[in-house]
Enquirer: 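This is the structure I have questions about; it appears just below.
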There are 2 protein chains.
Amino acid sequence: MSPAPRSHQQIQALLKLRELILSGVFTPGERISELDAVARLGISRTPVRLALTLLEHEGFVSTSPGGGFIVRRFSLEDIHDSIEIRGALEGIAVRYAAERRPGDAELEPLRETVAALDTVVSRIMKEKEPAFEAFENYVEFNGRFHEQIVALAQSPMLGRSLQHVESLPFASPNAFVQLQAQTEDRTEIMLIGQVQHRSILEAIGNGEGGRAEALAREHARLARRNLRTAQQQLDLMRQVPGGTLVVSAQDLNDNKTARDAGEAAAATGQRRRTPNHHRR
Amino acid sequence: MSPAPRSHQQIQALLKLRELILSGVFTPGERISELDAVARLGISRTPVRLALTLLEHEGFVSTSPGGGFIVRRFSLEDIHDSIEIRGALEGIAVRYAAERRPGDAELEPLRETVAALDTVVSRIMKEKEPAFEAFENYVEFNGRFHEQIVALAQSPMLGRSLQHVESLPFASPNAFVQLQAQTEDRTEIMLIGQVQHRSILEAIGNGEGGRAEALAREHARLARRNLRTAQQQLDLMRQVPGGTLVVSAQDLNDNKTARDAGEAAAATGQRRRTPNHHRR
DNA sequence: CGATCACGTATTGCATACAAAATTGCGCCT
DNA sequence: AGGCGCAATTTTGTATGCAATACGTGATCG
């Protein structure tokens with residue numbers, strides 16, 4: 001009937017819940033009851049329940065032993081490993097791409113993206129106070145670059161695995177770019193990154209599979225360098241997509257001592273309910 | 001109250017549907033309607049629907065444009081790539097394991113598994129007609145080996161990604177072992193595989209991360225060799241877990257010509273309904 | 001004779017109602 | 001006074017009913 005409302009409730013529930021988790025409304029370790037979510041979203045239990053199950057597969061929540069869902073906690077090591085995994089998968093992608101020996105026409109879109117990145121990066125490096133808009137451009141073309149190398153691999157399975165890894169937002173190629181904009185050594189990092197972009201393109205064009213793979217892996221590790229920076233200033237971490245899900249070992253202990261008995265009960269596999277949660 | 005019936009309907013639905021798909025009752029490309037599944041399973045629509053959604057995330061089915069699910073088709077390239085991805089992830093796992101420099105006590109379980117594999121392999125190679133039981137033993141210890149190297153990596157994210165890849169059964173480490181039992185060059189393959197097992201263990205023990213990674217990757221490629229064997233005799237493919245989901249380019253064309261107009265309609269994004277599907 | 005529009009039917013999607021399981025709090029017994 | 005057990009309430013899990021959407025078929029008009 002109405003023009004757009006074919007957007008199903010499931011999708012709405014999924015998006016809203018993901019947003020609530022990422023924005024920190026639901027804190028890591030917190031238990032999400034269906035009724036909570038239903039009351040918050042105004043959507044009935046069936047689609048909410050389905051959305052929560054999907055979020056579990058995406059890794060945002062895990063099922064509690066007694067039933068129900070809890071928001072997952074992630075450590076800095078988890079982010080570190082996710083980046084490494086993404087690098088390995090992108091490495092396979094560019095190796096496949098190189099070994100297929102794509103024609104010039106096929107490589108043209110990637111060439112254009114790299115050229116666009118060249119322009120954006122050089123502009124950012126020239127200006128002392130780079131405009132916010134410039135970084136948005138960088139995010140756009142950087143994302144496109146990563147999409148294109150995966151597309152060039154022509155491997156549905158590879159795309160599937162990468163999509164799964166990047167469902168955790170801090171594993172995506174653009175996760176640390178906005179943060180990078182505020183760091184001191186951003187010019188150095190962007191320079192290195194752009195050299196790697198060009199080198200990967202060159203390696204694919206030359207059919208140098210091994211070189212392309214090594215480059216892609218090392219390229220991903222640039223994100224780990226940014227991660228270390230964010231690690232030192234934890235307030236920066238809050239700006240990283242999904243950064244609110246990260247709980248340091250320090251915080252973990254704090255939580256533990258704060259929740260004392262309750263946490264112990266949860267550890268024994270007991271269901272832990274939020275004590276008094278009156279609503280409406 | 002009752003001892004076991006706490007096994008929920010969702011899980012039953014998931015298991016049964018997965019079994020129906022893997023056993024070939026639902027053929028690749030076939031549309032699965034909820035009502036079909038409900039009638040077949042005797043479970044109400046809600047858990048069936050949820051199970052189908054889960055199967056979608058596992059990769060067994062995909063959503064049809066007009067709604068509903070269709071059984072996914074996999075090509076031999078998809079299997080090839082899945083194995084490569086598993087190899088890459090296991091490579092990271094053993095590199096992490098090596099770089100952690102685990103103590104002797106920590107490595108002991110892996111040592112025992114490798115020793116057990118030594119025994120099984122040497123027994124299989126001695127006998128002219130190796131007992132079926134021996135291969136079952138091999139499957140058990142081989143699976144344990146792969147579990148243990150992932151555990152040694154101590155990386156939840158890595159475990160998560162591997163679990164996702166191996167949700168497609170033909171990507172699992174043991175997928176081709178039963179098939180391997182029937183091939184001519186099984187002694188050679190098992191010999192190589194076992195040497196690799198030992199070498200990986202040695203590399204982890206010595207802290208040789210790069211070597212361990214290279215070995216794990218090459219080890220996974222043994223499965224690709226088996227895949228090539230199965231490729232030549234497509235009847236062998238039916239013995240591989242999930243092999244019924246594999247549709248060669250040849251079969252794809254056959255299906256296409258057979259379904260002619262209907263397939264064309266589906267290609268335009270129209271919903272395609274099974275014409276007359278009387279039941280009961 | 002063909003094409004288009006309208007109507008009928010079947011299937012998906014959502015919401016609610018009901019049943020079962022579990023946890024918490026209270027009471028009783030030791 | 002403390003621990004164990006029972007009961008009540010909250011919450012999850014399942015089933016069914018209803019509404020909306022989309023497809024197929026038939027009829028009518030050009």
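Below, chains carry the letters A, B, ... as their sequence lines are ordered, and counting in each starts from 1.
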Enquirer: Just checking B:Thr46: base, sugar-phosphate only, or nothing, at a heavy-atom cut-off of under 4.0 Å?
Expert: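 Since a base atom lies under 4.0 Å of B:Thr46, the category is base.
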
Enquirer: In whole angstrom, what separates A:Ile43's CD1 from C:dG13's P?
Expert: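 About 15 Å, once rounded to whole Å.
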
Enquirer: Under the 3.5 angstrom rule, does the side chain of A:Ser167 hit a backbone N or O of A:Glu58 as a donor-acceptor pair?
Expert: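 Yes; judged by distance alone, with no hydrogens or angles, the pair exists.
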
Enquirer: Find the distance B:Ile11:CD1 to C:dA21:P and express it as a whole number of Å.
Expert: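 Distance check: B:Ile11 CD1 to C:dA21 P gives 14 Å.
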
Enquirer: Measure from the side chain of A:Arg31, starting at C-beta and using heavy atoms only, and say which of D:dG13, D:dA15, D:dT11 lies closest.
Expert: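 Looking only at heavy atoms from C-beta outward on A:Arg31, the closest nucleotide is D:dT11.
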
Enquirer: Hey, does the side chain of B:Ser161 reach the backbone of B:Leu158 with a donor-acceptor pair shorter than 3.5 angstrom?
Expert: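 It does not hold such a pair.
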
Enquirer: Within the distance-only criterion (no hydrogens, no angle test), does the side chain of A:Thr27 pair as donor or acceptor with the backbone N or O of A:Glu30 below 3.5 angstrom?
Expert: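 Looks like no, no N/O pair under 3.5 Å.
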
Enquirer: The helix from C:dC1-D:dG30 to C:dT30-D:dA1: angle between its terminal axes, five pairs each, to 10°?
Expert: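 End axes: 10° apart.
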
Enquirer: Please report the distance, rounded to the nearest Å, between CG in A:Leu41 and P in C:dA15.
Expert: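 It works out to 11 Å between those atoms.
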
Enquirer: Would you check if the side chain of B:Arg224 reaches a backbone N or O of B:Glu84 as a donor-acceptor pair within less than 3.5 Å?
Expert: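 A pair under 3.5 Å: no.
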
Enquirer: Treating A:Arg86 as the side-chain partner and A:Leu162 as the backbone partner, does any N or O pair qualify as donor plus acceptor under 3.5 Å?
Expert: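 Side chain of A:Arg86 to backbone of A:Leu162: no pair is present.
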
Enquirer: Without decimals, in angstroms, what is the distance between B:His8 NE2 and D:dT12 C1'?
Expert: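 Answer to the nearest Å: 9 Å.
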
Enquirer: Counting only heavy atoms not in A:Glu108, do more than 12 sit closer than 6.0 Å to its CD atom?
Expert: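 Enclosed.
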
Enquirer: Using whole Å, what does the distance between atom P of nucleotide D:dT10 and atom CG of A:Asp36 come to?
Expert: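 Roughly 14 Å, once rounded to whole Å.
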
Enquirer: Starting from P on D:dA15, measure out to CD on B:Gln12 and report it in whole angstrom.
Expert: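 Atom-to-atom, B:Gln12 to D:dA15, this comes out as 12 Å.
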
Enquirer: Tell me the interatomic distance from B:Leu50, atom CG, to D:dT14, atom P, rounded to whole angstroms.
Expert: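 One finds 9 Å between P of D:dT14 and CG of B:Leu50, rounded.
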
Enquirer: Map A:Arg45 and A:Gln10 onto DNA chain C by nearest heavy atom, then report which one ends up closer to the 5' terminus.
Expert: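 Closer to the 5' end of DNA chain C: A:Gln10.
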
Enquirer: May I ask you to decide if B:Asp78's main-chain N or O and B:Asp81's side chain share a donor-acceptor pair within less than 3.5 Å?
Expert: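 Answer holds: no.
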
Enquirer: What integer distance in Å separates B:Leu35:CG from C:dG13:P?
Expert: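 To the nearest whole Å, that distance equals 11 Å.
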
Enquirer: Can a side chain N or O of B:Gln9 be found less than 4.0 Å away from OP1 or OP2 on D:dA15?
Expert: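 Indeed, a polar side-chain atom of B:Gln9 lies that close.
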
